Amino acid sequence: MRMPLAREVAKAVAIENGVCIRSIPMRVIDTETGKSQTVYLPCNATLESRCPACAKRNRHLRMAQCREGWHLESEPVAETDEPDNYQRYLLELRADFQVMREDAERAGQPTEDLDLGLAELDAEIRAAGTRGQVVRATAGKRKRSTRRRQDAPDLPRRKMANTTLGRVYTSPDGKRYRPSMFITLTLPSYGRVRDGAPVDPASYDYSRAARDALHFSKLVDRFVQNLRRVAGYDVQYFASVEPQKRLAPHLHMAIRGTLTRADIRAVVAATYHQVWWPSCDVVRFDGDNLPVWVERPQQSGGDQDKQTGDYVDPVSGEVLPTWEEALDRLGDDEDAEPLHVVRFGSQIDVQGVLAGTRDADQCIRYLSKYLTKSIGGTIESEDRRRRDHAARLVEALRYEPCSPMCPNWLRYGVQPKNARAGMSPGRCKGRAHKPEHLGYGGRRVLVSRKWSNKTLAEHGQDRRAWVLQVLGIADDRNRGDAHRYVWRRVPEGDPGLPPLDVRLLHLVAQRQRWRRHLVELQARAEGRPADTLSAIDGRPCGQL
């Protein structure tokens, strides 16, 4: 029984060779010759638990993105391409459809076909090489008083400068420095902890910890807004959200440019986020006494496939207020208080960092240290206290509403936004309720738009171009007709698709051929015989 399973050995060899263990089979069809072949694309997973090879590749890509944009000496300016004739034609056609749709709506005629045509045109416009939406959403936002809370200090406002670069300092010997910053922010305490678990679980504020984790991403957004107002320039940042030992999310942020530590502490103290949601402190429906879905009569000319109905009280038959009605009641109440207020804790770490130094490399590694691990996956399996602590936090999150569409609102007498049949409190499929996320449902990596002026895909293309340049290979990927090849997903069970185990072996063999070829090219570039490079750093060619 101690003998390793052959299938597990194959999986381990695939991981060592950097092969994706969850590859996606795609059939590529050449429209000119009619020939087709099956290729396997990486799953591009970001967590080691799903695919170690893809997670490692994405982590190194994020490190390159952080390094390239942190200490820029010039503004990252991007010149937008001029629209081509086809893009102009699509926009003109979109304008005609828009007018036709508005005329039909004014005349009381059905607009379903025109709406479908507008959606198809929008998709074609995006596929033609444009960014953003032609027509932005017109849903009005609910406005509340912007007066600051009395328990939050005021922030100084400085005149904004049209720059993303920090201040330049000159030393007495004439050297110029443009330092940057590395900041770590945490959430407040919910009770005494020791070795990552509460000393007294009964007094630990799990409810507050759950709500802070659910709305932590909004607090980070508020911090960036306030930081830019105080700094006086368009602060750019690269941040990662990671779990503390007590399982609360905290933030590591690389900032281009510098502010005084006093300014940073003032911004943290003055930053908060108010959650203006209906109250969910009183349970109205629980157990077998849950709201019942009642179908609403279909209106003539409506979409017959769309579910229309309401959740009603199972005893009185009273229709529960919708999400919009609940917000209207909250807005009409002058004495209403926010459901929750999120703030940062008192622990703040601020470091100054210079480009090209050892500290800069260490901070970049620290930023990406836990990106390939889930927030709940950092718990040691043998630590019973921490496992119990995580289980209690998951239970506290079970009935907390994570969004306006969360089914947990039914527990508190409110219909979720876009309610549908089959909703049940405690069974929300949102990622924030899953044990591996522990309440945080936002993105793990937060990057400002002008950080490096490149998308993550463009950073990947830069790394590919660098490798080809080092090896002396011409990059001919963009040559030829882009519409010549058609890509289609191959479903599992297709007669021509080999089993997953066989596909894994094929990919390992392919990766070994690539490695040997790279070694030969490296030998030619360095003017040495290929056999002298049969092993590098003590590893066979297949493991390079």
Side-chain angles (χ1 to χ4, degrees), residues 26 28-32 41 44 58 61-62 64-65 68-69 72-106 109 111-141 160-165 221 224-225 228 233-238 256 443 445-466 468-469 474-489:
M26 300 289 293
V28 186
I29 304 173
D30 190 338
T31 58
E32 292 186 0
L41 301 182
N44 202 28
N58 282 321
L61 192 59
R62 287 295 190 183
Q65 183 184 29
E68 187 168 337
L72 293 182
E73 293 293 334
S74 59
E75 292 289 347
V77 179
E79 296 182 0
T80 306
D81 297 334
E82 290 292 330
D84 56 29
N85 293 333
Y86 183 59
Q87 293 170 346
R88 296 175 186 272
Y89 163 74
L90 290 176
L91 263 296
E92 292 173 354
L93 187 60
R94 177 63 163 79
D96 293 338
F97 264 75
Q98 183 70 31
V99 174
M100 292 169 59
R101 200 267 181 205
E102 294 175 358
D103 292 342
E105 186 178 20
R106 281 193 294 266
Q109 300 175 357
T111 61
E112 287 78 7
D113 293 340
L114 291 173
D115 289 337
L116 181 60
L118 285 172
E120 292 177 352
L121 272 175
D122 288 340
E124 184 65 23
I125 290 172
R126 289 192 297 270
T130 63
R131 294 183 295 120
Q133 299 288 338
V134 178
V135 179
R136 291 179 291 182
T138 58
K141 293 184 178 180
M160 291 295 296
N162 188 21
T163 181
T164 65
L165 305 179
D221 292 340
V224 173
Q225 294 174 7
R228 286 172 174 167
Y233 70 98
D234 191 5
V235 176
Q236 300 300 301
Y237 61 90
F238 181 100
R256 188 187 306 155
R443 292 177 289 115
V445 180
L446 311 173
V447 186
S448 56
R449 294 184 181 273
K450 299 178 183 178
W451 176 256
S452 62
N453 209 37
K454 296 178 183 177
T455 63
L456 197 61
E458 290 172 335
H459 281 287
Q461 294 171 6
D462 290 344
R463 289 165 63 86
R464 179 181 183 274
W466 179 81
L468 294 178
Q469 181 181 2
D475 187 1
D476 57 354
R477 182 178 55 176
N478 296 326
R479 297 180 184 176
D481 187 4
H483 301 283
R484 175 178 174 178
Y485 299 96
V486 178
W487 294 70
R488 293 178 181 173
R489 177 77 176 265

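For this chain, numbers begin at 1 and follow the sequence in order. Since the structure is predicted, the reported quantities are computational estimates derived from the model, not experimental observations.
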Does [X] reach the main-chain N or O of [Y] with its side chain, forming a donor-acceptor pair under 3.5 Å?
X	Y	result
R256	G69	yes
E120	G117	no
S452	Q65	no
T111	L114	no

Go through the steps to decide whether F97 and D115 satisfy the test side-chain contact (heavy atoms from CB on, under 4.5 Å), and finish with yes or no. CA-CA 9 Å; F97 264 75; D115 289 337; over 6 Å; no

Interatomic spacing from [atom1] in [X] to [atom2] in [Y] - rounded to 0.5 Å:
X	Y	atom1	atom2	answer
T455	R449	OG1	CZ	12.5 Å
Q461	R464	CD	CZ	8.5 Å
R131	I125	CZ	CD1	15.0 Å
L41	W487	CG	CH2	5.5 Å

Work out which heavy atom in [X] is nearest to a heavy atom in [Y]; give both atom names and the distance.
X	Y	answer
L72	L165	O-CD2, 3.6 Å
Y233	T163	CB-O, 3.6 Å
R484	T31	O-OG1, 2.5 Å

Please name all residues satisfying side chain to side chain contact (heavy atoms under 4.5 Å, CB included) with D234, sequence neighbours left out, ordered by chain then number.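 For D234, the residues satisfying side chain to side chain contact (heavy atoms under 4.5 Å, CB included) (neighbours in sequence not counted) are T164, R228, Q236, K450.
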
Please identify each residue that fulfils side chain to side chain contact (heavy atoms under 4.5 Å, CB included) with A128, with sequence neighbours left out.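 A128 satisfies side chain to side chain contact (heavy atoms under 4.5 Å, CB included) with Y86, Q87, L90 only.
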
[X] versus [Y]: any side-chain heavy-atom pair under 4.5 Å?
X	Y	value
Y485	I29	no
V486	V28	no
E32	D30	yes
V447	R62	yes

Step-by-step side-chain contact (heavy atoms from CB on, under 4.5 Å) determination, L61 to L456: CA-CA 8 Å; L61 192 59; L456 197 61; 3.7 Å; yes

Test side-chain contact (heavy atoms from CB on, under 4.5 Å) on R463 and H459; report intermediate values, then the result. CA-CA 6 Å; R463 289 165 63 86; H459 281 287; 5.5 Å; no

Contact list for residues 82-96, test salt bridge (charged side-chain N to carboxylate O under 4.0 Å, His left out), sequence neighbours left out: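 Salt bridge (charged side-chain N to carboxylate O under 4.0 Å, His left out) check on residues 82-96 returns R94-D122.
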
Working for side-chain contact (heavy atoms from CB on, under 4.5 Å), residues R488 and M26: CA-CA 6 Å; R488 293 178 181 173; M26 300 289 293; 5.8 Å; no

Donor on one side chain, acceptor on other, R101 and Q98, under 3.5 Å: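 No.
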
